[in-house]
Amino acid sequence: MRVLGIETSCDETAVALVDNDQGALRVVTSLVSSQIDIHAKYGGIVPEVAARRHVDALFPLLEEAGIPHDGAGIDAIAVTAGPGLVPALRVGVEAAKALAWAWKKPLVGVNHLEGHLYSAWFSTPTPAFPSLALLVSGGHTELIFMKDHGRYELVGATRDDAAGEAFDKAGKLLGLPYPGGPKIDKLALDGDPSAIAFPRPMMESKDFDFSFSGLKTAVAVYVKQGGLGGQGLARVEDICASFQEAVVDVLVTKTIAAATRYRPASVLLSGGVAANETLRTRLGEAVAKALPGVTCHVPERAYATDNAAMIAAAGSFRATAKDFTDPLTLEADPNMRLAA
Amino acid sequence: MTYRSDSTHETKAIAADLAATLKGGELVLLDGLLGAGKTTFVRGMTEALGADTLARSPTFTVMNVYRANHPSVKQLVHLDFYRLTKPEEIHELGLEDWLGRPDTVVVAEWPPESLPVPSGTPIIRVTIEGTGEEPREFTVDAVTIS
């Protein structure tokens, strides 16, 4: 089955073609607008939150991806229906509806978060169910128990800021240029993670929720007070390493705690922050040590950040289960939920 | 009016008091530095308005809509302009659907200079002084543009 994926939930416009051969996935093509200088006049790679950008980028991307104008060879269309920004989501949703109608092909409205979980299916071996997924991005930080394709239970979530946002704001407080996350990741490689004992919020709580706004405040206080006890600021590499250590520590510890309770066959890492080197390594090590027999799946970086291949992947499994959406009634849903 | 807060709890109480005065149609602008307590303030408002979900930071999502359980306010639209740097971005959000709507309260963190607000919309500006471990001082001013 060949599925066309379309993603326009927030900043990024993305299209992809993915083949699903009885559960084995192959990415035929995957394009993301911020990585392609389609409109040089807009300049820069700082993504913009503008529906106009999606309108301008979507059809050129479909052309660039070589999508046949008559939809030949495509068995289904998968589009992100939510969550996200309505004006942005609508561009992809309405285009997908129109294509589904014109090509007389079935349509699947996909949850953006579900798409992120499926990024694990582009690597082999694919995860065995049930899976416990840590989904970490700029906008989301959640632990999700995936019992089977399409069956999810929310285990825990952030109560305030997402981990990706914590990285971005810490970066800003440290005077680093956009994007903060990758910059901190890079600087941290040369830093001492135990230089500053930043707090690990909610580390000991019995639930599987997270909180990162207190950590943001700790970095702000540290910078404002000129270091601990006014001793002076540590090297930026050390501050980055220590901050990152606090975030990774909390994420990994609570994921292992949740896995110990839920007993999955596999642990998945997903979302844009899954690109973080330290998190990828540390989670793998922790799973190997604390959960013998449980596999750990870390996605390829290209599929961790927002993309349409993951949407096509999720859509292909829904299509396999004949879980289609009516193209006449599909609507963008800014609050689309993954699970009750 | 100014109010002092020494804790998250007190910040939420100040926000709840403000929420008690709202009828729907208002725009609340929140000014304060990183970590001042803007999202915490919104959480206090949404809890007071009987929202069905927890108010989380909209920095990356840009707009969160929470359903309220209140006689006249049906939803609270929580905006965050932290990531938006260009005027086009602001005008592409479809805010005209929400601003001034009688059954909606709109709250904006990091508000820009101009929002497409219908004239006569009650605007409440909340300015938060202080960050980190300092006490916070909330200044609440009501403005209505005619």
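Here the structure is a predicted model, which means the values were calculated and not measured. Hydrogens, waters and symmetry mates are skipped; everything else that's a heavy atom, side chains included, is used. Order of the sequence lines sets the chain letters (A, B, ...), proteins ahead of strands, with each chain counted from 1.
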Okay, A/N335 and chain B: the region with an atom under 4.5 Å from a heavy atom over there is side chain
Turns out that what part of A/S137 lies under 4.5 Å from chain B's heavy atoms comes down to neither
Is [Y] paired with [X] through a side-chain N to carboxylate O contact shorter than 4.0 Å?
| X | Y | result |
| --- | --- | --- |
| B/R125 | B/D141 | no |
| B/E47 | B/K12 | yes |
| B/D6 | B/R4 | yes |

Of the backbone (N, CA, C, O) and the side chain (C-beta and beyond), which part of [X] lies under 4.5 Å from a heavy atom of chain A, both, or neither?
| X | answer |
| --- | --- |
| B/A36 | neither |
| B/T61 | both |
| B/L84 | side chain |

- [ ] May I ask you to check whether B/F138 and B/F41 place their ring centres under 6.0 Å from each other?
- [x] yes
What I want to check is whether the side chains of B/S57 and A/E165 have a donor and an acceptor closer together than 3.5 Å. yes
Of A/L173, A/D168, A/V219, the largest count of non-hydrogen pairs under 4.5 angstrom with chain B goes to A/D168
Greatest number of non-hydrogen atom pairs under 4.5 angstrom with chain B, of A/K172, A/K224, A/K216, A/R159, falls to A/R159
Assert top hit (heavy-atom pairs under 4.5 Å, partner chain A, pool B/L34, B/L33, B/T39) equals B/L34
Result for side-chain hydrogen bond (donor to acceptor under 3.5 Å, both in side chains) between A/S211 and one of A/D161, A/D160, A/T158 points to A/D160
